[in-house]
Each structure stands twice: as structure tokens, then as C-alpha cells.
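Remarks on the structure that follows.
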Amino acid sequence: MLTETWLSLNIPDSLISLKGYSLYRKDRDNGRGGGICIFVDEEISTTFQISIIPFDTPTGCESLAVNFLSSNFSLSICCIYRPFFVPIPDMDFSLFNSIKNFSLSNKNVITAGDFNMSYLSWPLQPHSPYNEIILDSIHEGNLTQLVTEPTRIRQNQTPSQTDLIFANDPDLLTKIEYLPPFGKSDHLVISSNLQIYINPTKKLVKKIKHTNYGNVRRDLANFNWNSMFQTANTCEMWEVFQSKLSASVNNHTYVKEIKLIPNKPWIDNRLLQLIKHKRQLWARYKNNSSEDRYREHRIFSNHVTTELKKARQLFENNLTETESPKKFYKYIRSMLSTKVGIPLLRKPDGSLCTSNQQTADILADEFYHNYSKETFGPFIQSSIHHKNFLSTISITEENIKATLEEIARRKSAPGPDNITCQLIAACLDEIVYPIYLIAKSSFEESILPSQWLTANVTPIYKKGDKFSPKNYRQISLTCIICKVLETIIFKQMLTFLLNEKMIPDCQHGFLPGRSPISNMLICVNDWTLALDSNQPIDIAYLDFSKAFDRVPRERLLFKLNCAGIKDNLLNWIRAFLTNRSFRVRVGSDFSQSKSVLSGVPQGSILGPLLFLVFTSDIPTQIQSNIAMFADDIKIYSNPITYPNQLQKDLQTIRHWSDAWLLPLNEEKCAILHMGKNNPTRNYSINETAIKVITEQVDLGITITSDLTWSSHITKICHRANKMLYLINKAFQLISTNSAKKIYTTYIQPILEFGGPIWNCDRISDRNRLELTLRRATRLPYGNIRPPFEERLRAWKLTTFAQRKQRGDIIMTFKILTGRFPIQAADFFQVNQDTRFRGHSLKLKKETFKTTVRQNFLSNRVFQIWNNLPEQVVNAQSTNIFKNRYDQHANLHL
């Protein structure tokens, strides 16, 4: 793609053609200069039908758009040249509106070119009305700007970022490189890999298994499990149980083939007949091209289109009104996301795999390399001390049955044993007793069947090069029956560890009642207090490399022993961790089985809890403040009051990671400096300087060095608009009820996540959030729609500001009444003066000096909370409080 070609009608294609490429060009209509051309490798035409498509360009700009179409994939590429060097708002707004519409009207879109907008700084921030309008167009079009470095370098001038690339799927382009200019040009050449993976054609026939569970239950009820298990050990008991269960299921299962209409379940036989007749009318017209036959085809074609629209809308409305929401949300997921296939990956020698089997083996090798071999020697004495110990677990038929019911409700995928949640739910009473006998024997003998120690791994693409195995993460599916015993052990072990305070209070991951919100509220409270006192804060974000995969087993067992896990329980966990294996599945093919050398088992119930025990002694060894969420750790300190403390603690954590074989990923560790008088000290790990950042996404919340929230609001609005973009493309005839369900399920959580932590104190930020809500409520109406206030009443919604305030008040209620796992005294001071009227939990006004502290939760809610009536504040539960507050605030939710 080239801009400023300076081509004209006097220059034929032959003079500028490249061997092996097709040329598409658009010259400037009047005058010299300008012009665009695109060269396309001729091999691409063997897979795609290539055509020029329209692109509306404002006067003064030039564009050329090309579409690449195959049987099941479409890619649209547009090259743009904007020749003006000064901001012309109307033209720029029109240009970005055209880019947005281009994205909305095509599926996979890349727009690139020379925009000559050196006065814009990317990533674009909403610091001016001009920026806001452009940013809104980008967000509405679900676009991401991918150029991150200056692209125009001229002597005696500041390098500028004038060449831009926009894509509605950032993963279409990888490995963006900035190469030297051609000839005398002062623009760099931008090179990138274009990644297109075409899913195989979907099958029109699906095989569905139907099992008569009534017959299976009768078979299982007739088995004498005591007799069959009498002399068997755990492994033999499991083999007998699984073989009997599998044989019964197979005997009472038949396979039925059904025809599929991909992605269009609303098309029935009547509509298929209409479509067939439409094609017959077209064939008749082609045989005899008369005006009457064309008119007959055109009228009937319009009728078919109308019928298809009515059928689709009726289908979606019926899904909305159904009592079970499962089918509705399944349909929504099918429309909003496409199943990601695994391409034939690149081998270490650079060649591509030729089969799914090779791809599975390549991925298995990559995942295997994540593990580490444990070196043995004397362990450092753990700082954990226990008074009591836990050596046995209570396993009864009652808790086995309760756990089976709980697991059956989760609807998790089956593991290597192929026992499904549907089978468990249907045959619950018949399988409780044999599973109880197997689980009890497994715990007493400290033996697990080999199938329980195996995992089927599904690779999931993350981001980056789709052909590199490094860019896939593993999702492990383990045996469901093993998870039954794991769940029972987990619950009793967690209760013991919490009672004995073996898990530190600063750990908020995988624990009941604790969450990213509790983690961030405590941190932001500390940071705002420090900044309000004119005290700087340095925050170190730490990242362990492949933390869950690299936990060394012997060291983990040593720490479990120090924490009071003894005898039978410790022996069972040892057996649970050893001799594990996995295999990767790609399509219907599996890789060779690989051993798991280290780590806590992925996809298991116990794995996260074991990791928390392994890292539980970190807080006891450092002096700085620390907050943990599983393996996400941040420590922070005042660099003036304690000038060397943070560096000492970083070295302490580095020594801990060396001793316990859990290495830090130094490239992902970062330092965030806060405070105007921050000395901005340099920090290092193992003599390697830690990079300094100005913002960090911390557990889903964007934290900036000045602790303002515009960047976070911009990002969540972008995400919400991206989802609205997908919904708009998937549901052109969406009903009001469906639109509301989709908004409350997919959009509202994005906008409200972590609401008590951040605040929208700027007018531009509030407008941006409200605008996203306005766009969402337009979904079912099109261009002719009722006013915003009427739409809110029809949807029984409030403005975003009211919803945000409601979330703050509910969080205040939870904290003050002990329903949230943080100390209320650290956030609020209850006014004990009885002379004031009102409820007994009135807050004492806090003094503050900065807007950072003024906008924190405790000060945002002060006046509103104190004005609440006593009957609202004295609610017996959170739900009752919500209902009473809604009535008080006149919120019709």
C-alpha cells in the first residue's frame, strides 16, 4: 500500500507493475501529487475473489478500498491519504466517520495510510472536544490504532506519528516493524504480517447422542458394589466402576444425525421452500430474460427477505420470553463470538505442520517446557508456624452427594473419564455409594487412579502470532469424579487454614468474600491518603514467570507440612501431585502424553489453594505494604520516609524466588511513581533495572501515576463500544427485551466493574459513560427512536450517574455492617455524637486537601449516606438494603 504515488493517466500500469503482483490504483483527479496504489500478490487470487469497494472520502482526502472474499471469510483493506497538515475539524470528523462506517459495514477491516496528523498523540486521550469526537468514531467502529512509534523523521524536526493503521481485530496484524524509508522519502516503511485463518467449512450434519438414563439407573441399581469392591484396591475399584458405568451408558445410547443450518436456526422447512422457489424464478429469468420474469423474481425475492426477517425476530423474541435463559444466552454467545480454530502451527525450523496431530505435538512440547525440574537440598526454614494440624478429612455419603449435586450444576466439560455432568445429574442416587467407597479408599490408601492424574488440554489463543505455539495457553480438563474428592478436601482444608491464619490477610485471590475489588479498595485508600498528605508512593508490580506451572512439589509439600497439613492428608496431596500427565487435543487428534514435572494441577479444585499456601510466607519477609491476588503481587512504600525500603524488599522477594524456585519475570515487573514530589528513584531486580511506567492495568482497573480515572474510563468505554459494535452487526432486528438482557449481561458489567474504586469527576468522562448508555438503548429502535428518558423508563434503567452512586452506597453499607472483608475503621469514621438526628451509622466528615482524596469512596458518599433514613440503613441484609434504597431514591429498577 503506497500513498502519494503522483501517478496520472499518462503513466500506464506497465511502468510501475511488479512481477507476481496485481496493481490497484487511484490517481488524483485534478492536479499533481497525491494518489494511492495497492499491490496484491497474485497467489492470493487463487483463494480470494478480489474487488474494489466504495469508501466515502471527504473532499480533499483520497482513498482506495479492496475486498478479499472467499467462501467463508471476508477481508476489507483501505488505504487513505490525507494531504493537509493543519487540523480541519469538519474534514477530520467526516474522515473518521467514514472510517467508522467502513468498519461497521464490513467484517474484517484494516484501514491504513498517511494521515498527516502530527498534532495527535497516540494512544489518543479525550483531552479536548476535537480528540473526543475522533475517539468516539474509533470506539464506535470497534477500531484499534496499531502504530506505536514515529513514522516520519525529518532533520531539525521532531519525529511525528503521521502514518496510522486501524483494525477492528488487532490480531489480524502481528510483528509490526518500522523499516528505513524508500529513496528520498522521510516516511518510514511499515511492515507487518497479515494473519488470516479460514475456518474449515462447517458440516451440515451433526451426530447427537441420546441416552436412556432410566435404563442406566436400573442397571446401576442392580449392581452389588460391596461385592465387586470387596477385595479390590482403589485403582481396581475405579476400573470396575468406570467399566460398568461406561458399558451401561453405551448399551442405552443411540446416535442420531440431524441436519444443520449454520448460524440460522430460525430457517425452517417453509422458508427453505421459499428460498428454493426464489432460485427457480431466477433460473427461469436467465432462460428467458424478459422484464415480466425479472419483475416476478424481484417481487418474490423481497417477500422472502421480509419473511426471513420476521422469522428471525420471532425466533429471538421467543428466546427472550423463554423461562430458561440457557438457550437465549447460548444463542447470544454464538452470535457475538466465533469459534477460534487452531491453525497448523509453525515448527521450530520455520515450516508449517501438515496435520492436527503435528500441531498437537508442537503445543504439547511448548507446554512441557513451561515446567521446571526441582533441585534438592536443605530448604529454608519456613516462617509459618502452626499450633494445630489437620491430618484427616471427613468423607461421608452425604457430603459426596452434596458435592456431586454442586458439580452437576456447574455443567463443566468432562475429562479423560468421559463422565459428564448430565450423567451425574441423571444417575445421582445410583452412583453416590460407589463413588463414596472409591473416594474413601483413595484417601485412606493415598492412591489415585492413573486416569485421575491425567488432563486433556485444550489450547486457547491469547494474542500475537497465531502460528507460534508460544501464543497459546492451556486449559486443562480433569476427571469430574476426582474433583468430587478434591472439593471435599478443599472445603475442610480451607476452613482449617483460615482458622489458623495460615493465609495472610493481604491475599485476596480464590478466597470466599475476597475479590479484586477488596484488593484494590485497600490499595487505593492507602494511595489517596498518602497523596492527600503530600507524600509520594512508589508501587512495584511483580510478575512470576508461569507461576502455577513452576511451583516445585517437594518445597510445596514442605510448606504444607509447616502449615499443619499432616499424615494422611499430606500423603494424599503428595499422590495427587506426582505422576501426573497431560495430552493436547487439536480437533479430534491428541498429542503424545507428556509428564507434568512441576506446578499445581491446572483445572483442578485444589490447585489454587495449594498455590496460596506456597506463597503465604512472602508478606512476613518484607516491610513494605503488600497486596496479593494469587500470583499478582504489588508492594508499595514511601520513597522519602523509607528511601531504601522498597529496593530491599525487592531483593528479599528475589532471594525468596531463587530459594523456592519460582522465578520472577523481570520483563513484566514495573514501577509506578506517584506524587508530585516523588524523587523517582531507580529500582532493580538482580541488578536489572525495572522499567518505569505511567499507568498499569491492575486487576482490571487502570491505575495512573496521578491517580485520575480518565484513562480507565476511556478503556472501559472502548470495550463497551466494542461489544455494542458486535451486537449491532449480529442483531439487526433485536427486540427491546432482548436488547435489555444483552445490555445488562454484556455491557453493564464492563462499565460498572470496580465502580466503588474509581470516580468520574470530569464532565467529559461522565458524558462518555452516559453516551455509551445512550448508544446501548438505541439498539432495538434504529434511527426513529423515543427520547433517551423514555427509553430508560421502558428498560427500567437509571442514568449511569445514578447507577454509579447506587453502587457506592451499597458498598458503604457492606463495609460498615461487616459484610465486606475489609476493616470499616480504615475507610470510615462513624460519628458517635448522639445529638444529631438520623440513623446510628452517620459518618464523620473527613478533611482532605486534594481532589484525589475528595473523589475517593469515603468522601463521595458522605452526604448521601448521612441523609438516608434509618429504616434503609438498618436493613437486615444487602438485598433488603438495595430494595429500600431504590424506593428511597425513586429508582424503578
Side-chain angles (χ1 to χ4, degrees), residues 342 345 360-376 379 415-416 448 452-464 468-479 482-483 486 490 507 509-510 541-560 573-586 590-618 628-633 653-654 656-669:
I342 307 298
L345 301 184
D361 287 332
I362 290 291
L363 287 165
D365 289 338
E366 178 63 31
F367 297 151
Y368 178 78
H369 291 151
N370 292 338
Y371 302 122
S372 59
K373 293 183 178 180
E374 185 171 6
T375 57
F376 295 96
F379 299 148
L448 284 80
W452 289 15
L453 302 174
T454 302
N456 290 339
V457 171
T458 299
I460 301 295
Y461 170 70
K462 295 185 292 186
K463 61 180 180 179
S468 172
K470 295 182 181 298
N471 294 322
Y472 290 81
R473 59 184 172 92
Q474 59 192 88
I475 300 297
S476 299
L477 300 177
T478 56
C479 293
C482 181
K483 290 180 179 179
E486 282 185 71
F490 171 86
Q507 177 61 264
F510 307 119
Y541 288 95
L542 305 178
D543 182 82
F544 289 108
S545 180
K546 307 292 182 183
F548 283 77
D549 290 330
R550 292 186 174 176
V551 172
R553 293 172 182 162
E554 292 301 323
R555 284 167 170 77
L556 171 59
L557 292 168
F558 173 76
K559 287 195 173 186
L560 288 170
I573 293 175
R574 182 186 296 275
F576 175 72
L577 293 174
T578 53
N579 298 321
R580 301 195 69 90
S581 62
F582 75 95
R583 56 181 186 165
V584 177
R585 179 176 179 175
V586 176
F590 285 93
S591 70
Q592 296 295 319
S593 184
K594 295 277 188 180
S595 297
V596 178
L597 303 179
S598 62
V600 294
Q602 296 275 2
S604 67
I605 304 295
L606 267 180
L609 181 59
L610 298 179
F611 183 84
L612 298 188
V613 174
F614 186 76
T615 57
S616 60
D617 59 335
I618 292 179
M628 307 171 70
F629 190 88
D631 60 330
D632 287 321
I633 297 177
I653 292 177
R654 201 267 297 175
W656 182 95
S657 70
D658 291 343
W660 296 103
L661 304 184
L662 200 65
L664 286 166
N665 187 343
E666 297 171 4
E667 293 182 359
K668 291 188 177 180
C669 295

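Inter-residue side-chain proximity for Val600 and Leu556 is flagged as met; some heavy-atom pair is nearer than 4.5 Å. Taking 4.5 Å as the limit, some side-chain heavy atom of Ser545 sits within range of a side-chain heavy atom of Arg550. In this structure, Lys546 and Asn665 have side chains that are not in contact, with every pair of non-hydrogen atoms separated by 4.5 Å or more. For the pair Arg553/Val596, a side-chain contact is recorded, criterion being any heavy-atom separation below 4.5 Å from C-beta on. Inter-residue side-chain proximity for Ser581 and Lys594 is flagged as unmet; no heavy-atom pair is nearer than 4.5 Å. No side-chain heavy atom of Lys463 sits less than 4.5 Å from a side-chain heavy atom of Asn471. Using a 4.5 Å heavy-atom cutoff, the side chains of Leu662 and Trp656 are in contact. Side-chain contact between Val457 and Arg583 is absent, with no heavy atoms from C-beta onward closer than 4.5 Å.
Residue Leu542 holds its CG atom at 8.5 Å from CD1 of Ile618, rounded to the nearest 0.5 Å. With rounding to the nearest 0.5 angstrom, the CG atom of Asn456 is 13.0 Å from the CD1 atom of Ile475. Of the inter-residue distances, the one linking Thr615 atom OG1 with Met628 atom CE reads 4.0 Å to the nearest 0.5 angstrom. If you take NZ on Lys470 and CG on Leu345, they are separated by 12.5 Å, rounding to the nearest 0.5 Å. A distance of 10.0 Å separates CZ of Arg473 from CZ of Phe367, quoted to the nearest 0.5 Å. The line from CG of Leu597 to OG1 of Thr578 is 12.5 Å long, rounded to the nearest 0.5 Å.
Between the side chains of Asp549 and Gln602, a donor-acceptor pair is found at a separation under 3.5 Å.
Remark: side-chain polar atoms of Arg580 are not paired, donor with acceptor, to backbone N or O of Pro601 under 3.5 angstrom. With Asp543 contributing its side chain and Leu664 its backbone, the two residues share no donor-acceptor pair below 3.5 Å. Of the possible donor and acceptor atoms, one in the side chain of Ser598 sits under 3.5 Å from a partner among the backbone N and O of Ser372.
Asp631 and Phe544 get closest at one heavy-atom pair: O-CD1, 4.0 Å. The two atoms that bring Ala575 and Leu453 nearest to each other are O-CD2, 3.8 Å, heavy atoms only. Closest non-hydrogen pair, Phe490 versus Ile605, comes out as CD1-O, 3.8 Å. Across all their heavy atoms, Ile633 and Ala630 have their closest contact at CG1-O, 4.5 Å. Minimum interatomic distance between Ser604 and Glu486 (heavy atoms only, all atoms of both residues): CB-OE1, 3.1 Å. Closest of all the heavy-atom pairs between Val584 and Ala360 is O-CB, 3.6 Å.
Between Tyr368 and Tyr371, the ring planes lie perpendicular to each other; the angle is over 60°, past the 30° to 60° tilted range. Using a 30° and 60° split on the angle between ring planes, Phe614 and Trp660 fall in the perpendicular class, above 60°.
A salt bridge links Arg555 and Glu374; the closest N-O separation between the charged side-chain nitrogens and carboxylate oxygens is under 4.0 Å. Salt bridge present: Glu554 and Arg574 bring a charged side-chain N and a carboxylate O closer than 4.0 Å.
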Exercise. Could you go through the side-chain contact (heavy atoms from CB on, under 4.5 Å) check for Thr478 and Trp452 one step at a time?
Key: CA-CA 7 Å; Thr478 56; Trp452 289 15; over 6 Å; no

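Within 6.0 Å of NZ in Lys462 there are more than 12 heavy atoms belonging to other residues, nucleotides or ligands.
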